[in-house]
2 protein chains.
Amino acid sequence: MGEQPLVALLGPVRAGNAFEETVERLLQVIKLGVVAPGGKLPPERELAVQLGISRVTLREAIRALQEAGYLDVRRGRYGGAFVVYEPPLPGRGDLREVVRRMGPGELDDALTFRMAIECGAAQVLATTGLTEGRREVLRRRLADVNDAAPADYRRLDTAFHLAIAELTGSALLASAAADARLRVTDLLNAIPVLGPNIDHAAAQHAAMVAAILDGDPEAARRAVVEHLEGTAALLRAFLA
Amino acid sequence: MGEQPLVALLGPVRAGNAFEETVERLLQVIKLGVVAPGGKLPPERELAVQLGISRVTLREAIRALQEAGYLDVRRGRYGGAFVVYEPPLPGRGDLREVVRRMGPGELDDALTFRMAIECGAAQVLATTGLTEGRREVLRRRLADVNDAAPADYRRLDTAFHLAIAELTGSALLASAAADARLRVTDLLNAIPVLGPNIDHAAAQHAAMVAAILDGDPEAARRAVVEHLEGTAALLRAFLA
DNA sequence: TTCCAAAAGTCTGGAAACAGACCATTGGCG
DNA sequence: CGCCAATGGTCTGTTTCCAGACTTTTGGAA
């Protein structure tokens with residue numbers, strides 16, 4: 001015996017009530033830029049089905065976000081819920097405050113999780129034979145980040161990282177990667193996007209893509225580790 | 001803006017109703033051997049709190065499992081819900097049937113996910129400086145698997161694999177690893193535990209532990225890949 | 001033998017979530 | 001200008017889920 005109860009399995013079956021979970025999810029969609037500022041969420045009826053909740057509950061969540069200033073809801077044909085949120089231009093936003101709001105150990109947990117997921121995803125992808133179409137997607141995402149305007153940088157960086165997991169074809173892995181990214185979004189949004197950091201990141205991104213396209217999992221691992229440790233170090237620097 | 005909707009984020013907020021999810025979770029606890037055969041689940045009131053559901057809902061789930069023959073429920077002091085399930089002695093259980101019940105692509109999804117998670121976890125652990133206590137836990141779990149009676153083999157194998165993720169100290173990663181394992185439990189339970197396979201697995205397990213204790217992430221990666229690909233090949237062989 | 005504590009079992013009223021029908025608003029198109 | 005389709009807004013009855021009080025069973029301890 002001697003099994004300690006494996007908290008993972010005996011933990012909560014559901015994170016909260018449907019309303020709260022929905023608010024959280026929509027907030028993630030907005031903050032990660034899955035729907036870019038100015039963009040529109042799918043129609044209520046459709047979105048409710050996708051999220052597996054009733055329209056009533058979805059509307060409550062949308063209203064909360066509207067009142068909080070994240071969405072602009074317009075009726076009539078061509079109406080909908082439009083994203084008005086602009087990520088706080090990095091450089092402002094108190095990083096320490098964000099960290100303080102996280103539980104103790106939660107920061108390390110998130111960084112470790114992200115490291116494991118992204119390493120794993122990159123390696124799997126490097127091991128997989130990629131079709132030319134998929135190679136192109138990867139190159140494209142990389143180019144998008146490199147060409148990004150400062151205001152779009154985080155969003156496109158997110159898209160790049162998630163693309164790696166998505167291209168493995170594993171929905172579970174894509175979902176885990178999105179989760180991992182979410183755990184650090186607020187942190188990343190709170191540190192400035194500086195020229196030298198972007199240059200480093202670009203080189204590391206390029207190394208990741210090269211290793212993946214090259215089918216070299218070991219190089220992919222090294223590139224991911226270097227990149228993520230760079231980010232972690234940056235965070236620590238801003239916290240020190 | 002040409003974003004395709006990132007299914008991960010726009011997917012269902014909750015998997016089903018509370019009852020179904022609870023049944024599923026308890027079944028996992030039983031099948032993974034988190035509570036060993038003969039063992040007792042926590043008291044209803046306590047368990048309901050841990051699972052974040054009401055006692056009524058929990059009781060419905062327990063009753064369903066009782067009627068399905070997984071649990072024996074006894075009242076009175078020293079009563080409780082006792083696990084009576086014995087993993088179907090491998091060799092029986094129709095693997096094809098299990099696979100058929102999974103959705104299309106779900107098998108590959110699960111195997112890919114598991115590969116990524118376990119590779120990531122092993123590497124992270126190999127990169128981390130481990131305390132002697134933690135090293136000991138790892139060695140211990142390895143020894144447990146090697147000494148396992150056939151009936152206990154899967155359970156202890158599970159414990160070994162999960163220990164790697166847990167030792168990273170990341171609850172998120174431990175949870176993801178448990179999830180990944182769950183996705184393949186039914187499959188593994190449906191294939192026989194054969195001597196030669198156990199020997200291979202033992203050698204691979206040992207290689208994983210050695211690489212981790214050695215602080216060699218690259219060797220850890222190779223060992224994990226070899227081990228998991230061996231399992232995947234075994235599955236394919238039984239499906240062919 | 002009696003009592004007690006810990007556990008499962010039962011009941012009730014209320015809140016949350018849902019499904020589905022229906023209403024109101026809006027902008028383009030004929 | 002008037003219609004129409006797409007969308008958000010509202011209402012109603014039903015089901016699920018919950019919190020909490022109460023009941024019954026059981027085995028050990030006094």
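First the proteins, then the strands, lettered A, B, ... as listed; each starts at 1.
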[X] [atom1] to [N] [atom2]: how many Å, rounded?
X       : N      : atom1 : atom2 : answer
B/Lys40 : C/dA7  : NZ    : C1'   : 8 Å
B/Glu60 : C/dC11 : CD    : P     : 14 Å
A/Glu21 : C/dA17 : CD    : P     : 10 Å
B/Glu44 : D/dC18 : CD    : P     : 14 Å
B/Tyr78 : C/dA7  : OH    : C1'   : 11 Å

For the pair A/His161 and A/His205, name the ring-plane relationship: parallel under 30°, tilted 30 to 60°, perpendicular over 60°.
-> perpendicular
Decide yes or no, distance alone: a donor-acceptor N/O pair under 3.5 angstrom between the base of C/dG27 and the side-chain of A/Arg75.
-> no
Determine whether any donor atom in the side chain of A/Arg45 lies under 3.5 Å from an acceptor atom in the base of D/dA6, or the reverse, and answer yes or no.
-> no
Base, sugar-phosphate alone, or nothing: which one does [X] contact when heavy atoms must sit under 4.0 Å apart?
X       : value
A/Val73 : sugar-phosphate
A/Arg74 : sugar-phosphate
A/Ile53 : sugar-phosphate

Contact summary for A/Ala110 and B/Leu172, nearest pair of heavy atoms | CA-CD1, 4.1 Å
Is a salt bridge present between [X] and [Y], judged by a nitrogen-to-oxygen distance below 4.0 Å?
X        : Y        : answer
A/Glu136 : A/Arg139 : yes
A/Asp157 : A/Arg154 : no
A/Asp186 : A/Lys31  : yes

Picking from [options], which would you name as closest to the side chain of [X]?
X       : options                : value
B/Ser54 : C/dA17, D/dA19, D/dG28 : D/dA19
A/Arg55 : C/dA17, D/dC17, D/dG8  : D/dG8
B/Val56 : D/dG20, D/dG9, C/dA19  : D/dG20
B/Arg59 : C/dA8, C/dA21, C/dA7   : C/dA8
A/Arg77 : C/dA17, C/dG27, D/dC17 : C/dG27

At under 4.0 Å, does any side-chain N or O of A/Thr57 touch on OP1 or OP2 of C/dA16?
-> no
Walking DNA chain D from its 5' end, the first of A/Arg14 and A/Gly76 to be reached, judged by nearest nucleotide, is A/Gly76
